[in-house]
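The structure under discussion appears below in the form of structure tokens.
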Amino acid sequence: MTNKSISAIFAETAEPRLATPGMNKATIFFLIVTVVGLSCGVLAFIFGHHVIYNNTREMPWGMLISTYAFWAITSTGLCIYAAMSHVFGGTRMGIISNRMVWMSIICIMGAFATIGVEIASPHRMLIYNILSPNPTSNIWWMGTLYGLAVGCMIIEFAGIVTGLARVALILGVFGAIAEVLANSCLGGVFATLPARPYWYGAQLPIYFLTAAFLSGAAATILFNVLAYKIRGEQMSHAVHLGVKSAGKAMTLVLILYTVATFWRLVSFYVGGPELGRTAADALISGPLSINFWVVEVCVGLLIPFMLIILSRLENVGMMAIAGFLVLVGQFVARYDLVVAGQIVPQNLGWDGLPSYFSYIPSIFEFGVIAGGIGVVAFGFLMGERVFGKTFTQKEHH
Amino acid sequence: MNIEDLENEKNEGIENMPLQERRKFLQMGLAVTGVFLGGSVLSLTSASHASSQINPDLDIPVEGQYPYPKHYSMVMRQNRCIDCERCIEACKQTNHVPDAHGAYRTAIQERLTTENGVEKREFRPVLCNHCNRPPCVRVCPTKATYKDPETGIVVMDYKKCIGCKTCMAACPYNARYFNEEKYAIDKCNFCIDTRLAEGKKETACAAACPTGARIFGDLKDKSTEIYRLLHTPDTKIWVLRPDTGALPNVFYMNA
């Protein structure tokens, strides 16, 4: 490695034929989306987070937190599948695992970009997360573990690019372990708050991990199909098998996730605190019901399930649409989860409060979301261009 | 003695039990629930240890074994509140609470209830409950909020607050808000810095209350009114959201 200059490494990994005018335009477009979108978040530091975002005392968390969770969960899923195939060879996804590692890093960057402008004083976080850590805090563990995971994955990816397979393998395992633990702590952030019955409970961390397996498989299918789409090439048989393998995983987890969602909601109607039931009502028949029934259930679960069956795990285009719809459903599912946990006033019955608070994300929040999508799309395109050969190299072995 | 023999025993009844014996039994029950208050206590455990950092060996505390050198609490004599909001104003002045929407350390909630067919307006003063198992303290990533080791008051170290708002999500009492001037989360601290530090014995809100609805004091000090109120026999005492297990230190009664 040491003998190779950086430019020589990039010469080996880059895919110059992807530098087409169309690709250039798309890359620049997403770069602009990233800059403009995240600028909305930068405005929060100038004019105040309380001015720019529509969060309130009663609903301190909004769409930025849910989107952070969405990207973090997707990153975990990608990382787990990559490590499973890379290390254990348990699936046929090994052939596409390099791309998955890259996209896992990119998705966590999307997550960090989103939460970075959500937190009021991130500079204090950098200092006091180290100087004054609180070991009982899920947020502390989650941040630390995701930080650790991304560090491991970046070294892992550097190992992949430079041919240090052993480094890549070991760091890949550590990265995946850190991602799973971080994901679990992310679930724990919500699951350990008895004040919020809609979140509180032992199921949520497992639910988050299930969501990671679902989003990860969906993202694997989508990004791989897109990678070949932009190349204008047919997938090789081996890559096709890898995508098929992700499709199988997605189908299985779709069922698990649907079952988990069903029982999660049923549990609120058999007893327990009124706050939890009223929150569940928000999804079933209240202000979040269109989100839930139309997007979460139909777009995010039923239609992808039907598409997967129709595709017979052969038609990758159809599978990619299913993967995309799963991701849309998961995005909205995270939003509904975060909002439903706070939407019912804790002092319901007093002050003439309605059953539900009203929360509509501000235009700036939507801007930051677009910025996060921009980060992931830009990262994907740049990855294909700069490391394209690394992603496909296993095909030629 | 086996169970059959026990079944054949005649019930002694409690009427013949000596007073001392009954007291001992009551004390045991109160100690087990972590409460050592003489009133009729509903689901509250004022002195259960929560902050093991103070004394990790501390088990269920009984009188004389409170977790903190002082044990500041507040009693709300709810039926005395007339919603004059002098407490809110005094708090804002004393603690420099910004004049912004949603910015308050204490509030008064109200609702209409019907009692014996007559409609009645009910007021309920609320503020931070300075819980003994404070969810906000547990979740804070940087220990920006913590139990003051001297007083058990839940306080803020503003410079450490990253503004993640997890404490706001965790609080069962909606007691926290984002202070745009400090650019950190703010909350009631029983006027620890603005009044108690100056030797005053009451919080601003309690001092401003014209009806004596808010009684503040050190529960460990038997000469305080709060001690007397909480140890008055046959007083119905309750806390807010006992189901969350936060072990609040603000007690409600109608007295």
Side-chain angles (χ1 to χ4, degrees), chain A residues 44-45 48-51 53 55-62 65 115 118-144 188-190 192-197 199-200 272-273 275 338 341-342 345-353, chain B residues 52-53 98 100-104 107-113 122-124 126 131 133 135-146 157-186 240-246:
Chain A
F45 293 97
H49 287 69
H50 52 290
V51 178
Y53 304 142
N55 297 123
T56 57
R57 175 181 183 126
E58 287 76 20
M59 294 190 68
W61 286 343
I65 291 291
I115 203 160
E118 199 277 344
I119 286 175
S121 306
H123 59 285
R124 292 183 190 155
M125 180 179 74
L126 295 175
I127 301 167
Y128 291 106
N129 257 19
I130 296 163
L131 295 184
S132 183
N134 183 5
T136 66
S137 161
N138 292 80
I139 288 271
W140 187 85
W141 281 105
M142 180 194 69
T144 306
V189 166
F190 299 95
T192 60
L193 302 184
R196 310 281 179 177
W199 294 336
Y200 182 61
L275 281 182
V338 168
Q342 312 160 77
Q346 302 205 58
N347 53 326
L348 191 61
W350 291 83
D351 289 339
L353 286 169
Chain B
S52 54
Q53 65 195 25
H101 180 69
Y104 57 85
I108 298 170
Q109 298 170 342
E110 66 170 280
R111 70 174 174 188
L112 278 174
T113 53
E122 200 178 343
F123 301 110
R124 182 169 81 177
V126 289
C131 310
R133 193 185 289 136
C136 54
V137 169
R138 182 189 67 78
V139 300
C140 178
T142 56
K143 291 184 180 167
T145 192
Y146 58 96
D157 185 350
Y158 300 108
K159 71 173 185 299
K160 289 185 183 173
C161 175
I162 68 170
C164 68
K165 293 169 281 185
T166 315
C167 56
M168 292 170 73
C171 176
Y173 305 107
N174 187 20
R176 293 171 163 266
Y177 72 99
F178 181 74
N179 185 318
E180 53 197 69
E181 287 168 10
K182 295 189 166 88
Y183 229 71
I185 307 304
D186 193 20
L240 306 183
R241 300 195 71 186
D243 51 305
T244 63

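Just so it is clear: chains get the letters A, B, ... in the order the sequence lines come, proteins before strands, and each one is counted from 1. None of the values given here were measured: they were computed from a predicted structure.
The part of L275(A) that comes within reach of chain B is its side chain, from C-beta onward, which places non-hydrogen atoms under 4.5 angstrom from that chain. Both the backbone and the side chain of Y183(B) come within contact range of chain A, with heavy atoms under 4.5 Å apart. With a 4.5 angstrom heavy-atom cutoff, T144(A) does not touch chain B via any of its atoms. Using a 4.5 Å cut-off between heavy atoms, V137(B) touches chain A through its backbone atoms (N, CA, C, O) alone. Contacts of I185(B) with chain A are absent, with no heavy-atom separation under 4.5 Å from either backbone or side chain. Only the backbone of R176(B) has a heavy atom closer than 4.5 Å to any heavy atom of chain A. For R138(B), the parts lying under 4.5 angstrom from a heavy atom of chain A are both the backbone and the side chain. Heavy-atom distances place the side chain of P197(A), and not its backbone, under 4.5 Å from chain B. Using a 4.5 Å cut-off between heavy atoms, W350(A) contacts chain B through both its backbone and its side chain. Proximity to chain A (any heavy atom under 4.5 Å) is shown, for Y104(B), by both the backbone and the side chain.
With chain A as partner, the option from P135(B), A144(B), C164(B) having the largest number of non-hydrogen pairs under 4.5 angstrom is C164(B). Taking Q342(A), M125(A), M142(A) one by one and counting their heavy-atom pairs under 4.5 Å with chain B, the maximum is reached by M125(A). Per-residue counts of heavy-atom pairs under 4.5 Å with chain B were compared for E58(A), R57(A), M59(A), R196(A); the largest is that of R57(A). Top candidate by heavy-atom pairs under 4.5 Å with chain A, chosen from C161(B), A107(B), A103(B), is C161(B). Ranked by heavy-atom pairs under 4.5 Å with chain B, the list P194(A), P122(A), P135(A), S132(A) is led by S132(A).
Between F190(A) and W199(A), the angle of the ring planes goes over 60°, which puts this pair in the perpendicular group of the 30/60° scheme.
Scanning all heavy atoms of the two residues, the minimum distance from C140(B) to S137(A) falls at O-CB, 3.4 Å. Taking all atoms of both residues into account, the shortest heavy-atom contact from W140(A) to P141(B) is CD1-O, 3.3 Å.
Residue I162(B) is tested with L126(A), I119(A), I127(A) for a side-chain contact (heavy atoms from CB on, under 4.5 Å); the sole match is I119(A).
Using modelled atom types, no side-chain atom of S121(A) and backbone atom of H123(A) make a donor-acceptor pair closer than 3.5 Å. With hydrogens and angles disregarded, no donor-acceptor distance shorter than 3.5 Å links the side chain of R124(B) to the backbone of Q109(B). The main-chain N or O of K182(B) is found under 3.5 Å from a side-chain atom of N179(B) such that the two form a donor-acceptor pair. Panel note: side chain D186(B), backbone Y177(B); no donor-acceptor pair is recorded below 3.5 Å.
Judged by distance alone, the side chains of D157(B) and Y146(B) never bring a donor and an acceptor atom under 3.5 Å apart.
For Y200(A), the OH atom sits in a loose shell: 12 or fewer heavy atoms of surrounding residues, nucleotides or ligands are nearer than 6.0 Å.
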